[in-house]
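Okay, structure first, notes after.
Since this is a predicted model, take the numbers as computed values, not measurements. Numbering of ligands and ligand atoms starts at 1, following listing order.
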Amino acid sequence: MKISIINGPNLNLVGVREPEIYGNMSMDSYLQSLVERYPDVEFILFQSNHEGSIIDEIQRVGFDVDGIAINAGAYTHYSIAIGDALKAVTAPAIEVHISDVQAREPYRHISMIKDSCRCVIAGYGLDSYRRAVDAIITGNYNAEQ
Ligand code: DQA
């Protein structure tokens, strides 16, 4: 099984950025532990601060992998283009957030990508990614993993 994890802007700074919201663990060390936890899964990890590069990656992997876990960061809230790219490919996608976006500022309640995703998993800290991976592996897209 192949799973793509796509991180958008500023997610490379998790561990340093606003630790009261995103925690102290670095994204790199978290993703390394996630990869080790699923030895039978081939992970394709990608991060970019640029909208077009995220779209290129969705198009590159999106006809090949078994699922995409995407945390588009702030692009979630205004990128119609990322939503369109997720709709264009065949792989099922899950919208992932570390924080509980629905409990934050009103502009974070809006998602331009959720209609292109099977479910939204948000607010579990970095464990949101593990929950998304489990959903892809089991095919159970009920957000309460
Ligand atoms: C985030 C939530 C977004 O609103 C924010 O812009 C981020 C991170 C999250 O994982 O909680 O960059 O996607």
Side-chain angles (χ1 to χ4, degrees), residues 1-38 41-62 65-89 91-145:
M1 172 165 278
K2 284 191 207 170
I3 297 180
S4 150
I5 298 182
I6 298 179
N7 272 323
N10 301 308
L11 289 159
N12 53 318
L13 292 184
V14 167
V16 176
R17 99 184 253 221
E18 299 176 276
E20 64 289 358
I21 298 175
Y22 300 111
N24 293 301
M25 190 176 205
S26 78
M27 182 60 80
D28 283 350
S29 49
Y30 174 74
L31 289 178
Q32 190 175 330
S33 68
L34 192 67
V35 167
E36 283 163 12
R37 188 178 174 135
Y38 298 93
V41 174
E42 184 185 330
F43 285 96
I44 299 146
L45 305 178
F46 179 84
Q47 190 276 331
S48 176
N49 295 321
H50 305 278
E51 185 178 24
S53 303
I54 294 167
I55 293 165
D56 287 343
E57 180 68 1
I58 292 167
Q59 293 186 7
R60 191 182 75 82
V61 300
V65 297
D66 298 287
I68 299 173
I70 180 163
N71 185 347
Y75 284 138
T76 306
H77 313 302
Y78 64 94
S79 177
I80 295 169
I82 291 177
D84 281 351
L86 290 168
K87 257 190 198 140
V89 299
I94 298 183
E95 179 184 331
V96 174
H97 299 286
I98 299 166
S99 64
D100 181 1
V101 281
Q102 292 302 325
R104 298 182 63 192
E105 302 92 329
Y107 59 83
R108 295 187 205 273
H109 302 181
I110 298 159
S111 171
M112 302 309 285
I113 72 169
K114 79 171 191 318
D115 290 345
S116 310
C117 293
R118 299 293 176 99
C119 66
V120 179
I121 299 179
Y124 297 98
L126 286 166
D127 196 49
S128 296
Y129 291 87
R130 195 269 309 161
R131 288 165 186 260
V133 168
D134 278 350
I136 292 166
I137 291 171
T138 60
N140 174 7
Y141 294 101
N142 176 344
E144 293 306 317
Q145 299 294 322

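Ion pairing of Arg130 with Asp127 is present here, as a side-chain N (NZ or NE/NH1/NH2) and a carboxylate O approach within less than 4.0 Å.
In this structure, Asn71 has a heavy atom closer than 4.0 Å to ligand 1. By the 4.0 Å heavy-atom criterion, His109 is excluded from the residues contacting ligand 1. Using 4.0 Å as the threshold, Tyr75 has no heavy atom nearer than that to any atom of ligand 1.
Considering backbone and side-chain N/O atoms, Arg17 comes within less than 3.5 Å of an N/O atom of ligand 1.
Of all the heavy atoms in Ala132 and Ile94, the pair that sits closest is O-CD1, 3.5 Å. Listed here is the closest heavy atom pair of Lys87 and Ser116: CG-OG, 3.6 Å.
Using a 4.0 Å cut-off to heavy atoms of Val101, the atoms of ligand 1 that qualify are 2 (C), 4 (O). Interface atoms of ligand 1 facing His77, defined by a heavy-atom separation under 4.0 Å, are 3 (C), 4 (O). Near Tyr22, meaning under 4.0 Å from any of its heavy atoms, are these atoms of ligand 1: 5 (C), 7 (C), 8 (C), 9 (C), 11 (O).
In this structure, CD1 in Ile82 is found 9.0 Å from CD1 in Ile6, a value given to the nearest 0.5 Å.
Neither side chain, Tyr22 nor Asn10, offers a donor N or O lying under 3.5 Å from an acceptor on the other. Ser111 and Glu95 share a donor-acceptor pair across their side chains, judged by distance under 3.5 Å alone. In this model, no donor atom of one side chain and acceptor atom of the other lie less than 3.5 Å apart for Tyr124 and Asp100.
With distances taken over non-hydrogen atoms, the option nearest atom 11 (O) of ligand 1 out of Ala122, Ser99, Ala74 is Ser99.
Residue, atom and distance of the protein heavy atom nearest to atom 1 (C) of ligand 1 are His97 ND1, 3.6 Å. For atom 9 (C) of ligand 1, the nearest non-hydrogen atom of the protein is Ile98 N, 3.4 Å.
Using a distance-only test at 3.5 Å, with no hydrogens or angles considered, no donor-acceptor pair links the side chain of Ser79 to the main chain of Thr76.
Using a 4.0 Å cut-off between heavy atoms, Arg108 contacts ligand 1 through its side chain alone, with no backbone atom that close. Neither the backbone nor the side chain of Glu95 has any atom closer than 4.0 Å to an atom of ligand 1 (non-hydrogen atoms only).
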